[in-house]
Every structure is written in C-alpha cells, then in structure tokens.
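Every chain is numbered from 1, with letters handed out A, B, ... down the list of sequences.
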Amino acid sequence: DIRSLGCEEKRELLATIEQAVAFVTTMIFQDGSSQLSSEQVLTSSVKGVVVLVKNQTDHPCPPSYSSIDYTWNAANENDKLIYLKTEWSSLWEQEQQAHKKFAWQVLFQMLHCKVPIICFNAKDFLRTLLQVYGNEISWKQVADSVVLDPRIAAWLINPSDTVPSFESLIQKYFEKPFSMGTVNTDTGTLRNASVSTLKLFFLIYLYQYQNLRVNLEKLYNVMRYLARDLQVQGLWKLFCTLELPLIKILAVMETHKIHVNTQELKKTSDILGLRLKELEQEAYQVAGGQFLLTSSSQLREVLFEKLKLHVLCEKVHRTEIQQLVSTSEVVLNKLQDLHPLPKIILEYRQVHKMKSTYVDGLQTCIRKGFISSTWNQTGTVTGRLSAKQPNIQGISKHPVRITKKQYIKGKEAEIVTISPRTLFVSKKGYSFLAADFSHIELRILADLSSEPELLKLFQEPETTDIFSTVASQWKGIPSEEVKHADREQAKRIVYSVVYGAGKERLADSLGITPLQASQFIESFMQKYKKVHEFTKKTIEQCRNKGYVVSIMGRKRPLVNINAQDYKLRTQAERQAVNFVVQGSAADLCKMAMVEIFTSVVISPTLTARLIAQIHDELLFEVEDSQILEFSALVKRTMESLQQTTALEVPLKV
DNA sequence: ATTACGACGCTAGG
DNA sequence: CCTAGCGTCGT
C-alpha cells in the first residue's frame, strides 16, 4: 500500500518501476471483487488498483519463439505487488492529496515507460484512470502506453468466444481448473478463532491480496501463452498494430460525453405517444375489434384467421422457428392493397420503434444531460465493433413524418419531421464531422475477386452512381434508361452477394419468388464471373483449412463447413464469404481509426475527438476553427489506406 | 399472484 | 451475413 511508504521507499518504488519488464494489473471494486471475477459488477465503484510489477528479465513480453519457459512459475520473489487507492473520502486533508499525487506519479510512470501493462479488460482500466485523474491529464497522455489485454487475444484466436472469462482462460491454458478462492470463502473458520477484530480484518486483507497476487501471476502466464498462440497463428501483428491501439481509442471515446437535447426529447416523446394512440384507434376501427398492436401473434390472428388475407396472396414469408405466417414488413407491404390494416400497422411499428428505442430508450441512457456509449471490442465474430447503452451504431438515419393535429390553435394540421440524429448536439464552438468510406464492402469485393468490370467501375472517375452503373451494365441497358427500381434491385443483389445471402433471403428482401431470386443471382454471377470464382475459392479454402481469413489476417473458424447437414453447411458457406468481406471492411475502418488517432496525438494543436464509429463511418467532434484542416487530414488518411493495404481498388471518402 | 428469464418476432444500423 | 434493443408469451 503506497500510503504506508516513507519518502525513501517511494523513491525506491519508482526506481523499481523504471526497471520493470512488465506490469500486471487489475482494478479492485468496493465489494472486494476485481476485474478477474467472472461477474463484473458495474454497480460497484472502483476502490483502487493493484499492480504486480514483474522485475525478472527472464520473461520479456512480447516473448520470442525460442526462449519461453512454459512451466508454472508462480511465486516470484522479485515481483512486487503494489496497491494504489483511487478513491478518497475527501481531498481536503493534505495527506490524502499527497497520496493521490503519488499514486498518479506511479501510474504516470507506468503508462509512459513503454513497458507492457497486462490487464484483463484493459479498456475499463484506462477509462477509469482517465476519469479519476481527468483533471491532471489530457486524453492524449494515455496514447503512448502499451497495454496488453488477454481477453482480446483470446477473442482474436477464436472470435466465436465472444466473452472469454478469466476463469475460462485459466482452464484452457492450465488444463486443470483452479479453485478461484474469493474473499469470503474462509471467514467462517476465522470468525470461530479467538482473534481480535483488527487482526481478523488484517487476515482477510492479507488473504485477499495474496489470492490476487496468485491470480495476477496466472494472468501474466496466460498472456504469455496467448502471445505465443497469436504468433503461431499469424495474428500477432493484427493484435499489436490494430486491436491493442484500439483499446486506448475506445477508452478515450467512452470518457467523452455527448450532449442530448432533453427538452426536444420530451416533446417528441409526447408527439409520438399521441400519434400511437390515434393509430391504435384507427386499427381497432378497420379490424373490427381491439387487440394488442405490439403483439405479432395477435396481429397474425387478426390478419390471417379473422380476415384471411394471406389466401389472396401467394408465397408469403414464414417465421424462422415456428414456421408461422410472418407479419413482417415485406408481408405487410404485399397486403397493403387488400385491406387498410397493414398500412396502419406499418406506420404504428415505425412510430413505436422511434418512440421506444430512439426517444424513450435514449432517455434511460442519459446521465446529467449527456450520453456515452459502451464499446465492445470482442462482441462480434467478424471483427466489427459493437456499441450499447445507447447503441449509437443503430440510430435511425431517416426521419419520420408525423401529422400533428392542433386542436387548440386555429391551425388544422402541422407536419413534424423527427430525425433522432438531430437530438445529439455538439459542444459550443465545436461541430460534428462525419467521414464515411463510400461503398467500402463493394470495393473490397472488387479487390478480392479482381473482377475487371467491377474494378473498372471504381477506377474510372466518371462513375457517379455505382448502383445505377451496375444496373445498366448487368441488364445491358443504357445508363439514361435505368429506373429507380432497377437501381434498387441492383443494390439489393450486390449486397446479397456481399452478405453471402441465399436465394430465400434475397427473395424476401425483393418480394419475389426464390426461383426468380436464384435466376437474378445466376445472371449476376454470369456477368461478373470473377466474383463467382471468389466465392467458390473462399469456400474451398475454408473447407481445407477450417477457417477463413480477412485482408489483415483476421480469422474465423467455421466448423460446419464440412457438415453433412445441408442447411448447416450452406450457412457456413455464406458465413465464410461474408466474413472475408465484412471482416476486411472492419479491418480497414479500424486502421483508419488508429491512424487518425495517432495523427491527432502527435499534433500539438489538433483537438478533434472521435465520438463514434458506425462501421464505415467515423464521427468526430471538431473545434470549428480546425474543421478544414482536420477534415482534409481525415480524408487523406482514410483514402491512403489503399496504398497501406495494397488494394487494387481506390478508396473514396 | 407476482416476478424472472429464455425463446421468439420484428426492425434499426451496417 | 452480424449487431442492439424493444416487445410478447410461456414457463
């Protein structure tokens, strides 16, 4: 405990840190649990940080192939365990101020000495530091730290393991499961012994931290095993140059708060609520009875048993599990002309989604007028990021029009447009800047397949509308005669190929029969033969190796690729094709994040901060005076990734 | 009688 | 194809 150290001892400690070869660290929560506990309690606040300082020179990390000793090597006497309290009752006392200052001194040195800091869920650790020491540091100061996160390493090795716990990693790498002793396992026997209360607390304290020391040693060793695995599997570079820097970027992102217009939020909630009531009444009228509009099973009863609408319509989509007639958007669209109810339901659903998710749902995420999403780096199998509370990646783009009846004032009606994205407001003197890759997945498909027609499309500067051009090329009609419907169809088919969708899925999305859909796919593949070759080759490689690889070497094992079962096998085939395209796009977007972050950190003047990543789009908050300079930097950096990754196809932002 | 939880359906993002 | 989130409904 650094609070018990004298002046000389403090100096010694800093000297030890200077000599360290690695730090293994975890946060300690109020309830005594740590980041290594299986159930991470978010409600419990952070009490402090425990750091195991590795001083042995025998196990450098990152390790080399040859000189790793894989034997269990727990109690290393030269390793130092230090405890830093980060929570203070009051900062009035001089003593507490001094403790906080020294704790920061220790952490600052750790972050800046380029020695790896090993931490399970490192993002949470860094974010907490930024929050606790927010006044004495700027976010740029975490940038040159070197953090290693075993969880991310494990996820890279197998992305299907979406949340590998510390315990599961221990089990996997040390075969026999360890007893994860917790603080309160043995207090009973302690209580029975005739020891004084003070002594008891001391014993619990000691036990807890000895246990923690063992776990940190285990964590260190697990990281070494994982590092070796990453190297063997060719994932080490991806880990070091992309995923590790991203930890810091996400930690910084989570400390940034976005202001929300709460008054507007309340107002729109009421407007939407009123509209829902109106639609509810209209629905009851035309249905000839009341039912729960939000219940798809009750709606199914009304539409298909009471009104028998589906018999007038051929080939309606069915639900996945129970194989019942679906009440989804595509089906309701087909039923529109037969009865007024489907149209009402469609609008009801749109308005209800808007209210429940983007207005009322957003309100539950607001703390003191601000929101900040939680970013999950290991939440997907394709390498993409995911966000929650709120899911800022899923906020509706298109506005919803509402005809608001105004009874009070003389006006008859007023049309209000509600677009959720306008509810977020930038800081005063700052603006939001969005930069997105144009058609990145299609460009990647062009590159991966080397399809000449597709490549030409992107390389020729006169191509203004990619899907119109594809439509004209594919259907063999002049570009002036391409209708809006042709363009939409081309877009759907292109993305069906990108997403690896089968004929059934395409049929649903286009509202046609699976036979017609398969004919569309076939004629598309006939025109762009190399794309077909690419999908065939990808599936073939997956069959041989058991996994597929993205452009940056990200892997996805697909065990079902050789399955007997047709459904499972073809699903795995689509997943294989999809992973290569989607995963590669994720690689590029992450690279853009890292490069832009680095540029801003290096720059003494730029202050732009990343707010969100919506897969192919980066959203920043930029000082108004820097918008021109920064937007040029962003565009240049993103487009230059073509050279960095040796892509045949240019990237456009 | 009330609550908790998993399965299912739908739809927003890409 | 892969996400988050809202909502029923049965257990």
Between C:dC2 (C1') and A:L558 (CG): distance, integer Å: 13 Å

What orientation do A:Y528 and A:F524 show, parallel under 30°, tilted 30 to 60°, or perpendicular over 60°? tilted

Below the 4.0 Å mark, does C:dA4 have OP1 or OP2 next to a side-chain nitrogen or oxygen of A:S386? yes

Heavy-atom closest contact (A:Q35 atom, A:F120 atom, distance): NE2-O, 3.3 Å

Salt bridge check: are A:E441 and A:R384 linked by an N-O gap of less than 4.0 Å? yes

Thinking salt bridges, do A:R543 and A:E573 make one under a 4.0 Å N-O criterion? yes

Can you confirm whether A:Q377 sits close enough to A:K123 that some side-chain heavy atom of one is under 4.5 Å from a side-chain heavy atom of the other? no

Take nucleotides 9-14 of chain B nucleotide by nucleotide from the 5' end and write B, S or -, depending on whether a protein heavy atom sits under 4.0 Å from the base, only from the sugar-phosphate, or from neither. SSBSBB

Interatomic distance, CG@A:L265 vs CD@A:Q363, rounded to 0.5 Å, equals 4.0 Å

Along DNA chain C (nearest heavy atom to each residue), the more 5'-positioned of A:S297 and A:T162: A:T162

Look at the side-chain N and O atoms of A:Q575 and state whether any lies under 4.0 Å from the OP1 or OP2 oxygen of C:dC2. yes

Starting from P on C:dA4, measure out to NZ on A:K388 and report it in whole angstrom. 8 Å

Between C:dC2 (P) and A:L385 (CG): distance, integer Å: 17 Å

Select base, sugar-phosphate, or nothing to describe what A:V381 touches, counting heavy atoms under 4.0 Å on all strands. sugar-phosphate

Contacts of A:G379 and A:T357 projected onto DNA chain C by closest heavy atom; the upstream (5') one is A:G379

Would you kindly give the CH2-to-P distance between A:W155 and C:dC2, to the nearest whole Å? 14 Å

State the CZ-CG distance between A:F597 and A:L610, to the nearest 0.5 angstrom. 9.0 Å

Check ion pair A:K590-A:E243 (N to O, under 4.0 angstrom): yes

Supply the atom-to-atom distance A:R127 CZ to A:N121 CG, rounded to the nearest 0.5 angstrom. 9.5 Å

Near DNA chain C, counting only heavy atoms under 4.0 Å, which residues of residues 359-377 of chain A show up? A:G361

Within the 4.0 Å heavy-atom criterion, would you say A:A387 contacts the bases, only the backbone, or no part of the nucleic acid? sugar-phosphate

Whole Å only: how far is the CG atom of A:L299 from the C1' atom of C:dC6? 16 Å

Do A:D486 and A:Q489 pass the side chain to side chain donor-acceptor pair (under 3.5 Å) test, and can you show the C-alpha distance, the side-chain angles, and the key distance before you say yes or no? CA-CA 5 Å; A:D486 297 321; A:Q489 209 172 47; over 6 Å; no

Measure the CD1-CE distance between A:I258 and A:M253 for me, rounded to the nearest 0.5 Å. 8.5 Å

Would you find more than 12 non-hydrogen atoms of other residues, nucleotides or ligands less than 6.0 Å from A:K537 atom NZ? no

Nearest-Å distance, CZ (A:F291) to C1' (C:dC9)? 17 Å

Please tabulate the protein-to-nucleotide N/O contacts below 3.5 Å involving nucleotides 2-5 of chain B, giving atom names and distances.
none

